[in-house]
Trainee: 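Just dropping this structure here.
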Amino acid sequence: MTDSANMVLMVATVLFALGLVGVLTRKNVVFMLISVEVMLNAAGMAFIAAGSKWQQPDGQVMFLFILAMAAAEVSVGLALVLQIYHQHKTMDVEDLKELKD
Amino acid sequence: MNSLLAYIPALPLLGFIILSLFGRRSPKPVIAWVGAGTVCLAALITIAVGVAFMQSTPANGAYSQLLWSWFRVGALSVDINLRVDALTLVFIFIITFVGALIHIYSAFFMWHDRDMARFFASMNLFVCSMLLLVMADNLVLLYLGWEGVGLCSYLLIGFWYEVPSNSRAANKAFLITRIGDTALLIGLFLLFKELGTLNMNAIQQQAPQHFTTGSADIVLITVLLLVGGMGKSAQMPLQTWLPDAMAGPSPVSALIHAATMVTAGVYLIARMHGLFLLSPVTMAIVAIVGAVTLLVAGCSALAQTDIKRILAYSTISQIGYMFLALGVGAWSAAIFHFFTHAFFKALLFLAAGVVIEALHHEHNIFRMGGLRKRMPEVFITFLAGAAALSALPLVTAGFFSKDAILWYSWSSAGGTSVLWFMALVGAFITALYSTRLMLVVFWGEMRTPVHQQPDRGMVIPLIILAFFSITAGFIEWPHNMLHLSLFSDHVQQVLPATVMKRDLPSEWLFQAIATVITLTGVYIGYMLYYGKSGVRWQQSPPLAATRDFFFSGWKFDQLYNFLFVKPFLFLTRVNKSDVIDKLYNGIAQAGLRLNGWFSVSQNGSLRLYIVGVLAGILFIITLQLLL
Amino acid sequence: MSTLFYISSIVAIASTIMVITRYHPVHALLYLAVSFLSVGMIFLSLGAPFVAALEIIVYAGAIIVLFIFVVMMLNLGQETAQQEKEWLKPKVWVVPSALVLVLLAEMLLLLFTGSQQVMQVSQVDPRKVALSLYGEYIIAVELIGFLLMAGIVGAAHIGKHRKPSLHRFLQNGDTEKEKAMPVREQEVISNEQTVLHD
Amino acid sequence: MILVLMIGILLVGGLTCWLVAQRYPLMGRLIALIAVIIAFLLPVGWYAQYASELTVTGNNWLIDYQVNWIPAFGISFHLAMDGLSFIMILLTFLLGMLSVLCSWNEVREKTGFYFFNLLWTLAGIAGVFVAMDLFLFYFFWEVMLVPMYFLIAIWGDFNRRYAAYKFFIFTQTGGLLMLLAILALYFIHAQQNGGQFTFDYFALLNTTFDNNVTARWIMLGFLIAFVIKLPMVPLHNWLPDAHSEAPTAGSLILAGLLLKTGAYGIIRFVLTLFPEASASIAWWAMLLGVVGIVYGALLAFAQTDLKRLIAYTSVSHMGFVLLGVFAFREIALQGVVMQLLTHGVSTGALFVLAGMLKERLHTRDINQMGGLWTAMPHMGALAMVFVMASLGLPFLGNFIAEFLILMGAFEVSPVLTIIASAGLVLSALYSLRIMQKVFQGQLQTVSEPPKDLSAREWIIMASLTATIIFLGLYPQPVLDTVQGFVAQLARSNL
Amino acid sequence: MTNLQLLALLPFMVLATAAVVVILLIAFKQSHTVIQVTGFFMMCAVVLAMWFVRDTLPREVPPLLVVDGLAALFTGLIIFSVLVVGLLSYIYFEEREENPKEYYILLFLATLGAAVLTISRHFISFFIGLELLSVSLYALIAYLRNRNNAIEAGVKYLMLAALTSAFLLFGMALIYMETGSMEFTAIGNAITKSGTSVLFLMGIGLIVVAIGFKLALVPFHLWAADVYQGAPAPVTAFIATVSKIGVFAVFVRFAQAIHLHENALAVTVLTVIAIACMIAGNVLALMQQNIKRLLAYSSIAHFGYLLVAFLSGDAGVGAGVFYLLAYSITLLSAFGIITLLSTRRKDADELSGYRGLFWRNPLMAAIFTVALLSLAGIPLTAGFPAKFFILTVGVQQHMWLLAVVLVLTSVIGLYYYLRIISTLFASPPLSPAKEKSLHPLFYAATYTSLVVLMFLLAWLGIFPGFIIDNVQEFLVIR
């Protein structure tokens, strides 16, 4: 049972949950982005595990795409972070509350 | 003759249409001629029809004319069909003849009123409706006339609508009679349900086969009809509207609230006698209602100070006599009393109208007085009327009709000593208040100056009516005096003869007692009210209290006010803005409240939004765990 | 193999916990690098050496550098750490963390109830990956090129700033990012052309 | 085809009004009037031409026109007219013409759009009365709402927006429930007939329900929509607001026509499609009808706002309709049809009067009126006619209606009928109050007294008066026209 | 890859080329107008290409893509919407000082992403399409970066999109782990063979999170209002239509493949979500004074309605497509009006600004009114048959609860639509708003297209039969 896919999956789940905790608890946009990266990484890990389980390359291919997507996302995200910092002089998402009911 | 029937109601209707469409722009003589002329013409036709009827009674005892089919639905078929039989003839004669006199009188009486056209239009419409009421061959058409007269009564009571109390009185009259009308309507439904027809002849014929005597259905039907009659005829306990109805012009009081409309209840019961005979209970109720009413109203008349109110209570009381007669089965006596009463009460009202007019609209009899010298024609005609009202023996029409009722209230199969005694007390009271009225108004010193003398045109109808008040009774004599029974012979073509008790005491005895009582009443009235003594004796507290009690009409108004009006007004005031609306507004409020709560989630905080996502996934996973 | 997996798992989890609890951004990023490295080790243990390498090159190499670049550019240092310290009160994190914990517990519970078959870990060599990447998934590769193009154009546009004093830095920032992926974009366009010509 | 033409003329006329009025503001009303008159003359002329043939054949359905609309769902554009529809159509266009006349001077701004809405409402109502495809029926049912909403919301009184919302939301709630019910019926029918999907009324008539509960739920879906429109207590709350805030023509159409669509729907659809189910709730429906009669009357009496007062009288009068419909007796059903006509005319007339008063006095509060008979004897007399009509005086049509309803209902439930008859007394109470407060008493206005009726107003009121008196004295033509449908209905529901 | 397969992909390639062409045009320093016109014609070319390839359908391009009737329908819808959005964008962005050119690259890339979603039959294409859409949208939303709100909206969208992408990926991984395939049909086959397992269901649940986020379903809807408000009006229109159509398309395809409707858990979850959407969307909109936010809430509700069609399974697809069509036209005309009324400084999103619009500009108000009536589902507008068809399938599938909730919540919905309408028709404020005179040609073109949209709404409302028949014909191609 040591090497069962479930074990990997569990680690991935834990990492995923940790990322989620990060997103939820941090107020700094940069930290939130970091946490999201952790989550994406965990998802990628799950794919690798699944790919290994079925001995297919698809899991790894997917991981590659996740990688690319994470990069694109982070680039846009960081550009936004720059704008926020320039406009608000803060990184706190709680300060971004002008759009509300 | 059949084809003439339609003209009788149609002429006044024509008058109404002309006056209501063009009345406002017509000169007064035209109005007067149209208004009075149509009714006079109707009266002439009526007399022609009557003569023809007398000469050769038609085969089935009635003329009839089918105008058009009103509505036919399924089993229900209602036609506009006029029918004149002996009973109807009496009524249409009174309506058109007395009506014509009153119209002539009104032409002068209302000359100076700016709404003369409206007055005559309403009066004509009234005559038309009243004619339809009595000429109807089915109950729906009768109901049409029944409501129509109610409408005209309403319009005319509130004729001087600028005074709020007048329109209130009109409303009251309409509403209280409406209660009766509704009962009548329900009676119609019940009748139709039972018999499948509303044709009065058919009802009379089928009823004995269909109903067993005294069965619940027939009692219910007759009681409902009775309530309808009580409303229109101002019988206890629906009598309170009539005194207030005196707010209308005097001719109105004379025609509608004395001679014709208020006797519609009498007509209805007489017309439906076939049903009533099947229900002894109802007959007893009719008699009791009549007896009680005549006493209550008589007492009230004693205490009134307004001349027209005295006459109004007197009317109630006299109609009580008619009901009493109907209740004991003295059908022709009741109709006879209606016949004589129409003359003398119309006369009294018209005369009162002249007096009131002459004294600058003074209604209080204690501010009148001494008019005997000033207005001799009025005095004499009024005296004739009052005498007839108090039924002075032999010389007045009232005596003949009332005596018959007194006699039958004991002697008929339905009569009892109690009823007789009540009627007797009523006769005493009648004599008393008639005397009081005469003495206070026409004797004594003059308290208000007479500022105008009546027109000739007003006096002539008075004289004619006075003549009939004296002589109308001579066509029907008590059996023990003279064997002359023209009236009852005529009426009994339709109405059954009165069933008598056996072993009765001599009728003379009763006539003697009645005469004594009447004269005693006159005498006591003379003692009390001649000169200035009239006021002093009333000052003692118990008497004053009684007087006030009577004056207020036995506090019926206050009672109804407390029982019905106040609660009703309270109910409507409380619920003015519709409680149910609160429910919907509550729902709307709840929606807005919910919106407020939901809106909190949209506070712009990204972290909350993430929590939302988390909540969603938690929900899904938890559900998965549970399922 | 399993030992490697367990050790690196523990390291990954531990370093990830550090990532989300650090106040100083740079510290967090360093722990993130550790986390990525250990995840790379896990990949290795699962028989995926190619992605393990990519994990380290791209994630630990490129993406974290990007972060660090922004952190440095905005000068997020001790001050930010101080702020983070103020923000991260238990009041703030207890409830969300508890919720996530519940979620985690549920997910793990479900995972345990799932099938427990043993997995034969076997090497999936880069060749296989490459073949399928440029074989059946070639359209996906092209599309991912477009994705990156979107990322670049977007970042370029948003990153621009109109204030002249900051203009120079921003220009640099854009070029840096463009530099981070120049190869891929070329690749995309060429692929597009090949497809069109085939 | 004539029916399509009739509706089409209104729709096109409405658009023309709108477009023309952009340039010539006063032309709109003329075009509107012409359009309605043509629409009125079409069926009347047609009837005059073919009436004799129709009575011979004994076919209830005078016209039947059907083309495919959305065949995929079995939806067709199916219009048909029988006696009942014909009568309702006549009423629609009679009141339609009067409503255009009413608005002649009242609406001074945005006339084009106003008449557009007016004509489209009329078109929707006319459509409702002739649509024989349930989808089409629902379609028209909604089409009449939106323009009506605009009429209230734009040209209404002070509180118009609230009233308009309330009107729309109430009726739409019912409408959507009806849509659900229609769909349920549609599928049940298709299931029984081997997947033959159709919304056609005549086809759906053959639907049988093996399950009483289902039938009752579906029936309730229809019924709720209709009783909201009717309106039945306690779903009546939109009515006082809508009626009192709407412009005169709006009130006229609301009271005269829109309420009738509810009653029409019950008669045409609820009773025929669900005979058993409607019989099973008949007593409750009658009870609610009676509650409506009494409750509406009580509230009417309490009001001081004239239009609101009249609005509550509608609640009361429509209670009679509910009572009569669910008695399932021919007499009562004939009475209901009469009531629809006469109430449309009489209450419409009262609203027109209220509108005229408001135009002159700028208030609807009856406490601020009084003694107007002196200033306006003609209006007073006409008001008297309609007040009397409202309290059910014989001579006038309402009496026939209420008499027949009560007589029919009496056979079924004497107790309820007796309570309903008490409504007659109450109706006298509130009706007379109108006269007393508005026309009797001392003239209150300080400035110059208001003018009596103008010629245009005379035409409106005279035609209404003539109608109501004609209906009161000679209702037989109406009764004969609907006889076929009603008799069949009463037979099948007994 | 055969020629036929390539041919089937032709529209998508044209779409991709459009983005590249725009880049080239920017490189050659062409003006905004040129780009706009070129973009317009490129989109038309896509439509032409679709027309050209329609006979070769259905065509699978294994393993990632399949071009069939459903895809054609949804792609057509997307392209149609983008055409309008593009037209709106010209006026909107030309007014602002920002450089509007890159906008079109992003717009076309996002469109490409949505279009790829409609043809994807594989997790990879699903994922990439979704991300292409998302990443372009991040930039599009924050495109007017100098307005604070745009950045805020962008960050919110980005953060949530990234988060839910992670969920999506994790879910996909779980499913892959369980079934050994990422192809929809293969997954479906595996499921029918071995039955649904815990992991699979969990995967579905996680995927639902991502889809729910994109479609703004409750409880993943919280971003919607903020992003709608903060984004430029044409972009909002894009989010409301194109992005949702794409995601819905892939969801439909995925659900069909794995027989989601037979899964009690999924049905329960989606039912609850649908009900929550209908209630929350409508209730949230009740008092909203900002039209863009209000439309966001209303779209939440509308996707609740759409879920009813979705839950009806195959029977509901036609109804769903029709609904989306009606909804898109409606929203596009609504946002068209908002765009036309927006000023240089601010989007026209305050309800108070619309007061008395009808008397100032009847045509515009009429278009807006028709759009609102259509949203409310009133006959004579497309919204009515749309809602009707949904109810029809709902009733057909005996989903009484949903049908009743739909009915009752649309009553709530009436209130706020009526509120706007009555504002449009209220008496106008005294100061007359000045008319814009810029770019008469494009102004007129936009105007005309909005009028055309209005007539489309009416046409669909009165004669939906034609469209329904065609949709059914297309759906058979599979």
Side-chain angles (χ1 to χ4, degrees), chain B residues 20 24 68-76 78 80 115 118 121 129 140-141 143-148 150-151 154-155 158 161-164 166-168 170-171 174-175 178-179 181-183 185-186 188-190 192-193 198 568-569 571-578 580-581 583-585 588, chain D residues 166 170 233-234 236-238 240 295 298-299 301-304 312 329-331 334-335 371 373-374 377-378 381 384 388 391-395 399-400 403-404 406-408 410-411 414 417-418 421-422 424-425 428-429 432-433 435-436 439-443 473-476 479-480 483 487 490:
Chain B
S20 55
R24 291 189 64 78
W68 69 84
S69 162
W70 193 6
F71 52 95
R72 289 215 182 94
V73 182
L76 177 68
V78 178
I80 304 231
D115 276 338
R118 181 159 59 91
S129 314
V140 186
L141 189 58
Y143 187 78
L144 182 144
W146 190 270
E147 288 285 290
L151 165 69
Y154 164 79
L155 290 176
Y161 54 82
E162 274 118 333
V163 183
N166 289 359
S167 59
R168 269 204 300 278
N171 280 0
F174 196 95
L175 284 172
R178 196 93 215 266
I179 295 170
D181 299 351
T182 305
L185 199 61
I186 296 169
L188 299 197
F189 299 148
L190 199 53
F192 181 76
K193 190 186 174 193
L198 287 173
F568 178 79
L569 288 179
L571 199 65
T572 52
R573 205 170 44 239
V574 165
N575 194 28
K576 184 182 172 189
S577 53
D578 201 350
I580 297 173
D581 213 23
L583 173 71
Y584 296 114
N585 282 338
Chain D
K166 210 167 172 180
F170 264 82
V233 173
H236 64 283
N237 289 71
W238 62 272
Y295 192 76
L298 286 177
L299 271 160
F301 182 81
Q303 303 308 313
T304 50
Y312 275 114
R329 290 293 184 278
E330 191 186 343
I331 297 180
Q334 288 276 24
W373 198 314
T374 317
H378 290 152
M384 182 63 86
M388 286 300 150
L391 60 74
L393 191 86
F395 296 112
F399 167 72
I400 309 280
F403 182 78
L404 290 177
L406 290 172
M407 180 152 270
F410 191 83
E411 284 181 51
T417 311
I418 289 171
S421 309
L424 293 177
V425 179
L429 267 171
L432 296 182
R433 201 172 114 93
M435 285 314 287
Q436 188 186 359
F439 289 100
Q440 298 173 340
Q442 280 290 344
L443 189 61
L473 292 180
Y474 191 50
Q476 199 60 41
L479 300 177
D480 286 341
Q483 167 76 20

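So that the names make sense, note that chain A is the first sequence line, chain B the second, and so on, each numbered from 1. All values below come from the heavy atoms of this structure, side chains included, with hydrogens, waters and symmetry mates left out.
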Trainee: Please flag which part of Leu404(D) lies under 4.5 Å from any non-hydrogen atom of chain B: side chain, backbone, both or neither.
Mentor: side chain
Trainee: Is chain B contacted by the side chain of Ile418(D), its backbone, both, or neither, given a heavy-atom distance below 4.5 Å?
Mentor: both
Trainee: When you measure from the side chain of Arg178(B) to the backbone N and O of Leu391(D), does any donor-acceptor pair fall under 3.5 Å?
Mentor: yes
Trainee: For Leu424(D), is it the side chain, the backbone, both, or neither that has a heavy atom closer than 4.5 Å to a heavy atom of chain B?
Mentor: both
Trainee: Pick one of side chain, backbone, both or neither for Ala428(D), based on which atoms fall under 4.5 Å of a heavy atom in chain B.
Mentor: both
Trainee: Taking Gln303(D) for the side chain and Lys576(B) for the main chain, is one N or O donor matched with an acceptor at less than 3.5 Å?
Mentor: yes
Trainee: Side chain, backbone, both or neither: which part of Pro414(D) has an atom under 4.5 Å from a heavy atom of chain B?
Mentor: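 The answer is the side chain of Pro414(D).
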Trainee: Picking from Gly74(B), Gly148(B), Ala170(B), which has the most non-hydrogen pairs under 4.5 angstrom with chain D?
Mentor: Gly74(B)
Trainee: Can you say whether Ile400(D) sits under 4.5 Å from chain B via the side chain, the backbone, both, or neither, judging by heavy atoms?
Mentor: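 The side chain, not the backbone.
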Trainee: Go through the atoms of Leu188(B) and report whether side chain, backbone, both or neither lie under 4.5 Å from a heavy atom of chain D.
Mentor: both
Trainee: Which region of Met388(D), side chain (C-beta onward) or backbone (N, CA, C, O), has a non-hydrogen atom less than 4.5 Å from a non-hydrogen atom of chain B, or is it both or neither?
Mentor: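 For Met388(D), the contact with chain B is made by the side chain alone.
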Trainee: Checking heavy atoms, do the side chain of Trp68(B), its backbone, both or neither come under 4.5 Å from chain D?
Mentor: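 Contact with chain D is through the side chain of Trp68(B) alone.
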Trainee: Are the aromatic rings of Phe568(B) and Phe301(D) close, with centres under 6.0 Å apart?
Mentor: yes
Trainee: Does the Tyr295(D) side chain pair with the main chain of Asp578(B), one donor and one acceptor, at a distance under 3.5 Å?
Mentor: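 Here the side-chain-to-backbone pair does not exist.
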Trainee: Quick check: does any side chain N or O of Gln476(D) sit under 3.5 Å from a backbone N or O of Arg72(B), one acting as donor and the other as acceptor?
Mentor: yes
Trainee: State, with a plain yes or no, whether a side-chain heavy atom of Arg118(B) is found less than 4.5 Å away from one of Trp373(D).
Mentor: yes
Trainee: Taking the six-membered ring for Trp, are Phe189(B) and Phe403(D) parallel (under 30°), tilted (30 to 60°) or perpendicular (over 60°)?
Mentor: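 Plane angle between 30° and 60°, so tilted.
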Trainee: Please tell me if the side chains of Asn575(B) and Leu298(D) come closer than 4.5 Å, counting only heavy atoms from C-beta onward.
Mentor: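 Not in contact.
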Trainee: Is Leu144(B) in contact with chain D via its backbone, its side chain, both, or neither, using a 4.5 Å heavy-atom distance?
Mentor: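 For Leu144(B), backbone and side chain are both near chain D.
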Trainee: Heavy-atom pairs under 4.5 Å with chain D: which of Ile80(B), Val140(B), Val78(B), Val574(B) has the most?
Mentor: Val140(B)
Trainee: Side chain, backbone, both or neither: which part of Phe439(D) has a non-hydrogen atom closer than 4.5 Å to chain B?
Mentor: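 Only the backbone of Phe439(D) comes within 4.5 Å of chain B.
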Trainee: Could you check which of Leu141(B), Asp115(B), Leu190(B) has the highest count of heavy-atom pairs closer than 4.5 Å to chain D?
Mentor: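 It is Leu190(B).
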Trainee: Would you say the rings of Phe170(D) and Tyr584(B) are close, in the sense that their centroids are separated by under 6.0 Å?
Mentor: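 Ring centroids of Tyr584(B) and Phe170(D) are less than 6.0 Å from each other.
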Trainee: Just jot down the side chain to side chain donor-acceptor pair (under 3.5 Å) partners of Gln436(D), sequence neighbours excluded, or say none.
Mentor: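 Applying side chain to side chain donor-acceptor pair (under 3.5 Å) to Gln436(D) gives Asn171(B).
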